[in-house]
Amino acid sequence: MTRALLLAACAVHLPPSRAAGASPVITLPEVDVYAADAPSLTDRSLMATRVSSKDLRQLSRGTADTTGLFSRVPGFSMWNAGGISALPVINGMADDNVATMVDGVRIQPACPNHMNPALSYITPDMVANATVIAGITPVSLGGDSLGGTVSVERRDPQFARRGKVLVTGWARGAYHSNGGGWEGSASATVANDTWSLNYSASYQARGDYHMGGGEGVVRSSLYKNVSHSVTLGYHKGNHLLAVTAGQSDTPYEGFPNAWMDMTNNRSTFVNGKYTGAFDWGTLEARGYWQRVDHVMNDLADKGGHSWDTGMPMNDRNRIAGYQIKATIPFGRHDTLRIGDSFDHQWLADWWPPLPGSMMMGPNTYQNIDDGRRDRLGNFVEWEAHPAPHVQTLLGVRSDVVMMNTGNVQPYDYVARGMSGMSTGMSGMSGMGGMSGMAVTDSNAADAFNAQNHHHTYVNFDLTALMHWDATDRLSIEGGYARKSRAPNLFELYSWGRSEMASTMIGWFGDGNGYVGNNHLQSAIAHNVSVTADWHDQARKLWELKVQPYFIYTENYINVNRLKTFSDGFALLQFANHNAQSYGVNASGHYTAWSSPKWGTGVISAKVDWVRAQDLVTHTSLYHQMPTNGFVALDETYGNWSGRAEVILVKRKSTVDVLRSEPRTPGYALLNLTASYRWKKAVFQLGLDNVLNQAAYLPLGGVALGNYIYAGRKGALLPVGLMGRSVNASVTMTF
């Protein structure tokens, strides 16, 4: 039965990115062997939102940051950072609390500022599938996380009909007026019915952008990235093997809310994927390896750098691992999934001495030396249909996380016993208040080296989910999830306590200094969520989805305030606190008209509301998005399509006082987009922030780039939102 279902499902189709009339191709889809009778709950869960192919095409032409592809997903927001390095947020949980997967691989941070997050290694054009799971996450789709899962994947290899040769591809160019941004990307495939070879490349570059309302330039917001990848695919019968090798280079990327910028980042990777169908079920296996070499320093807006100025910081990161998952049907109504995975991370974070500097020398500052984080994960998941119109999902997962690191050293051990140093530092205009740096960091290094650095965290997750199609117009889904995550290497092992050293640590965009805590425990989140989905009988004309949720987290990794520096910034130490989060996500759409004369008009909207508190400090958790949403009208008429969208964000008044988080005013933005398809070309023209509204990013942190550029004088403001921008793109297919 399994083999017959798989062959029947291996249908001829056109990829979404290809124009009508192109030669058909055959792909081997990801098939659930039980899907012919009832779709898998992991595929149809109301907790999961899959970005439609239409939205993927439209959004990828307007954003250079892959995180932006999820901007219309309920419960999703972004911690704004560099132009291509925003950190994903789900229901108020951000960054490491979210399992971020690229081609099935969990990529750990390789920078003390998290300047190279997982989604920065794949450009929007290359994404074929994008999914967010908010709320109750199946154990088969994520571990070592609290808030949910974000997953993006490239397209599987394409194959020709038997006896034919397929040559297909596309190319795109784009321009953005604000910041003078240019983008170019292309993909080409040559294949027969057994072998497939694809080459893809992309280029992205932009200068500093301007705020709306004539409020000036947002300093340190420029970037440049070049990426290449090659995929070799082999398809025979019920089996598919794909190997992708690639490289991503970011020669520079400014960070408007950080003391430092990224002055080079090179990632080289190899991923392998196998899927196959057998009489007993299906098997999926992945293996991967990635090398990251990362450099930080000051770009021009922050003073620039040379051989004897600036603040050089280097990172070298290596990850490798595998994942194996088997899906086994039992009878007509039950499915068993079992899986095993291993993830290895090795990290070195060192800061070379600066020639002639009394503060940064004569030795190399070792922040993390020979850091290791190994995670062994196993899960079992049971999906059942105990009654008509009812599906249940039960799963349990274990993750054993083993961490260790070597001894460290400050720039100058010889300086012990000195009563303080206030020597100025060339090229460090953004880093004042460093008196006593050598004494403080020497003592901190001694204390750190005297400790045992080895940790083993034994965590387990549990998911219980039920989906009920109450009527042909109402579906209800609810459940409970116990999620856990161990700290990352920087939360555990960062040790410097001077202002200069500690402010080099932290991915929060607040300008404060952070120090690790060698006694951190794993965070454990208890998530309860219910989703109600009202829709028309055919699920085509209208839908309204409402999802309330509550999360109680034991040992949430937050911070304690240790002291305040002379310039007003604080020294914060990572610490375990209990916390709670709760909120409501609502979204819907309605087909207002559909006729040959007027085309099709669809009204869509979403609204998100979240609150989160630290139950120890009795403050708000950091970077909680204020009430926000959008109302949009999409019109399709023949080859024309367009969208008018109003984005609404309430004033941010609930902030984390421990981090001196700024409040931001509310705003409303109008965005317009139109596109036209002509033969094998698509032309798109968009206008973002049509009224050139002046606004600040609620999750953008403070504008340290502007603050440093102004000589640390004047008010320290939030990072400004981009003003009016004309976006134009052309996509050609063949």
Side-chain angles (χ1 to χ4, degrees), residues 49-78 80 86 89 124 127 130 132 174-178 181 209 211-213 542-545 585-594 598-609 625-637 640-650 664-677 682-700 720-729:
T49 302
R50 287 169 174 79
V51 182
S52 68
S53 58
K54 176 183 177 181
D55 281 351
L56 276 178
R57 291 193 298 271
Q58 187 179 80
L59 290 167
S60 66
R61 294 163 186 156
T63 180
D65 192 336
T66 300
T67 313
L69 296 177
F70 300 101
S71 61
R72 298 173 187 171
V73 172
F76 188 90
S77 52
M78 299 185 294
N80 303 93
V89 185
V127 175
V132 169
Y175 172 73
H176 308 279
S177 65
N178 197 331
Y209 69 81
M211 281 187 64
W542 62 272
E543 180 184 44
L544 173 63
K545 184 186 292 186
N585 304 321
S587 62
H589 68 265
Y590 174 71
T591 303
W593 63 83
S594 182
W598 300 105
T600 301
V602 178
I603 300 172
S604 59
K606 81 157 186 171
V607 60
D608 300 329
W609 177 83
M625 188 70 180
T627 305
N628 69 98
F630 70 79
V631 179
L633 172 63
D634 287 274
E635 163 73 4
T636 302
Y637 182 79
W640 287 95
S641 63
R643 180 182 177 93
E645 174 185 69
V646 176
I647 297 175
L648 302 166
V649 177
K650 188 177 180 290
T664 56
Y667 59 87
L669 302 179
L670 173 64
N671 300 325
L672 300 175
T673 305
S675 65
Y676 179 74
R677 179 180 292 275
V682 177
F683 303 89
Q684 180 168 295
L685 183 65
L687 189 59
D688 289 344
N689 195 354
V690 175
L691 303 179
N692 202 30
Q693 175 73 41
Y696 295 97
L697 294 164
L699 306 187
L721 187 143
M722 185 180 294
R724 184 187 297 118
S725 181
V726 178
N727 309 310
S729 73

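Only a predicted model underlies this, so the values are computations on that prediction, with no experimental measurement involved.
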Task: Nearest heavy atoms of P698 and T664, plus distance in Å - done: CA-OG1, 3.7 Å

Open item on the list: Just to verify, what does T627 make a side-chain contact (heavy atoms from CB on, under 4.5 Å) with, not counting sequence neighbours?
Closed with: V607, W609, K650

Open item on the list: Can you give me the closest heavy-atom contact between L59 and G68, atom names plus distance?
Closed with: CD1-O, 4.3 Å

TODO: Any chance you could lay out the side chain to side chain contact (heavy atoms under 4.5 Å, CB included) test for Y667 and L721, step after step, and finish with the verdict?
DONE: CA-CA 10 Å; Y667 59 87; L721 187 143; 3.6 Å; yes

TODO: Enter the distance from S604:OG to W542:CH2 here, rounded to the nearest 0.5 Å.
DONE: 16.0 Å

Task: Residues in side-chain hydrogen bond (donor to acceptor under 3.5 Å, both in side chains) contact with Q693, at least two apart in sequence or another chain - done: none

Task: K54/D634 under side chain to side chain contact (heavy atoms under 4.5 Å, CB included): CA gap, chis, key distance, verdict - done: CA-CA 11 Å; K54 176 183 177 181; D634 287 274; 4.2 Å; yes

TODO: Working to the nearest 0.5 Å, report the span between NE2 of H589 and OG1 of T591.
DONE: 5.5 Å

Task: S594: side-chain hydrogen bond (donor to acceptor under 3.5 Å, both in side chains) partners, not counting sequence neighbours - done: T600

- [ ] Could you tell me whether R643 sits above the aromatic face of F630, with NZ or CZ closer than 6.0 angstrom to the six-membered ring centre and within 45 degrees of the axis?
- [x] yes

Open item on the list: Please report the interatomic distance CG(L697) to CG(N80), rounded to the nearest 0.5 Å.
Closed with: 4.5 Å

Open item on the list: I'd like to check N628 versus S77 (side-chain heavy atoms, cut-off strictly below 4.5 Å). Are they in contact?
Closed with: no

TODO: Verify side chain to side chain contact (heavy atoms under 4.5 Å, CB included) between N671 and L687, making sure each step is shown before the conclusion.
DONE: CA-CA 6 Å; N671 300 325; L687 189 59; over 6 Å; no

Open item on the list: Just to verify, what does A728 make a side-chain contact (heavy atoms from CB on, under 4.5 Å) with, not counting sequence neighbours?
Closed with: L685

Task: Shortest non-hydrogen contact between V682 and S675, atoms and distance - done: CG1-CB, 4.5 Å

Open item on the list: List the residues meeting ring-ring contact (aromatic ring centres under 6.0 Å, His included) with Y676, not counting sequence neighbours, and say none if there are none.
Closed with: W640

Task: A174 backbone acceptor or donor facing S729 side chain under 3.5 Å - done: no

TODO: Under the side-chain hydrogen bond (donor to acceptor under 3.5 Å, both in side chains) rule, collect the residues that match up with T67, sequence neighbours excluded.
DONE: D65

Open item on the list: I need the N689 CG to L669 CG distance, nearest 0.5 Å.
Closed with: 5.0 Å

Open item on the list: Which residues pass the ring-ring contact (aromatic ring centres under 6.0 Å, His included) test with F76, not counting sequence neighbours?
Closed with: F70

Open item on the list: Holding to side-chain contact (heavy atoms from CB on, under 4.5 Å), I want the full list of residues that pass it with N692, two or more places apart in sequence or in another chain.
Closed with: R724

Open item on the list: Show the nearest heavy-atom pair for residues P665 and Y696, with the distance to one decimal.
Closed with: CD-CD1, 4.1 Å

Open item on the list: Can you confirm whether E645 sits close enough to R72 that some side-chain heavy atom of one is under 4.5 Å from a side-chain heavy atom of the other?
Closed with: yes

Task: Polar contact flag, side-chain donor to acceptor under 3.5 angstrom, N727-D688 - done: yes

Task: Set of residues satisfying ring-ring contact (aromatic ring centres under 6.0 Å, His included) with respect to Y590, sequence neighbours excluded - done: none

- [ ] Check whether the side chains of T636 and S641 place a donor and an acceptor atom closer than 3.5 Å, and report yes or no.
- [x] no

Open item on the list: Distance alone, cut at 3.5 Å: any donor-acceptor contact between the side chains of Q684 and R677?
Closed with: no

Task: Residues which pass side-chain contact (heavy atoms from CB on, under 4.5 Å) with V127, listed by chain and number, not counting sequence neighbours - done: L56, T66, L69, I122, A130, V152

Task: Which atom of A64 lies closest to which atom of P124, heavy atoms considered - done: O-CD, 3.5 Å

Open item on the list: Applying side chain to side chain contact (heavy atoms under 4.5 Å, CB included) to Y209 and H176, what does each step give before you reach the verdict?
Closed with: CA-CA 10 Å; Y209 69 81; H176 308 279; over 6 Å; no

Open item on the list: Taking side-chain hydrogen bond (donor to acceptor under 3.5 Å, both in side chains) as the definition, give me every residue that meets it alongside K545, ordered by chain and number, with sequence neighbours left out.
Closed with: none

- [ ] Ignoring hydrogens and angles, tell me if any N or O in the side chain of S60 forms a donor-acceptor pair with the backbone of R57 under 3.5 Å.
- [x] yes

Task: For P626 against V649, the heavy-atom pair lying closest together - done: CG-CG1, 3.9 Å

Open item on the list: According to salt bridge (Lys or Arg N to Asp or Glu O under 4.0 Å), who are the partners of D608, at least two apart in sequence or on a separate chain?
Closed with: K606

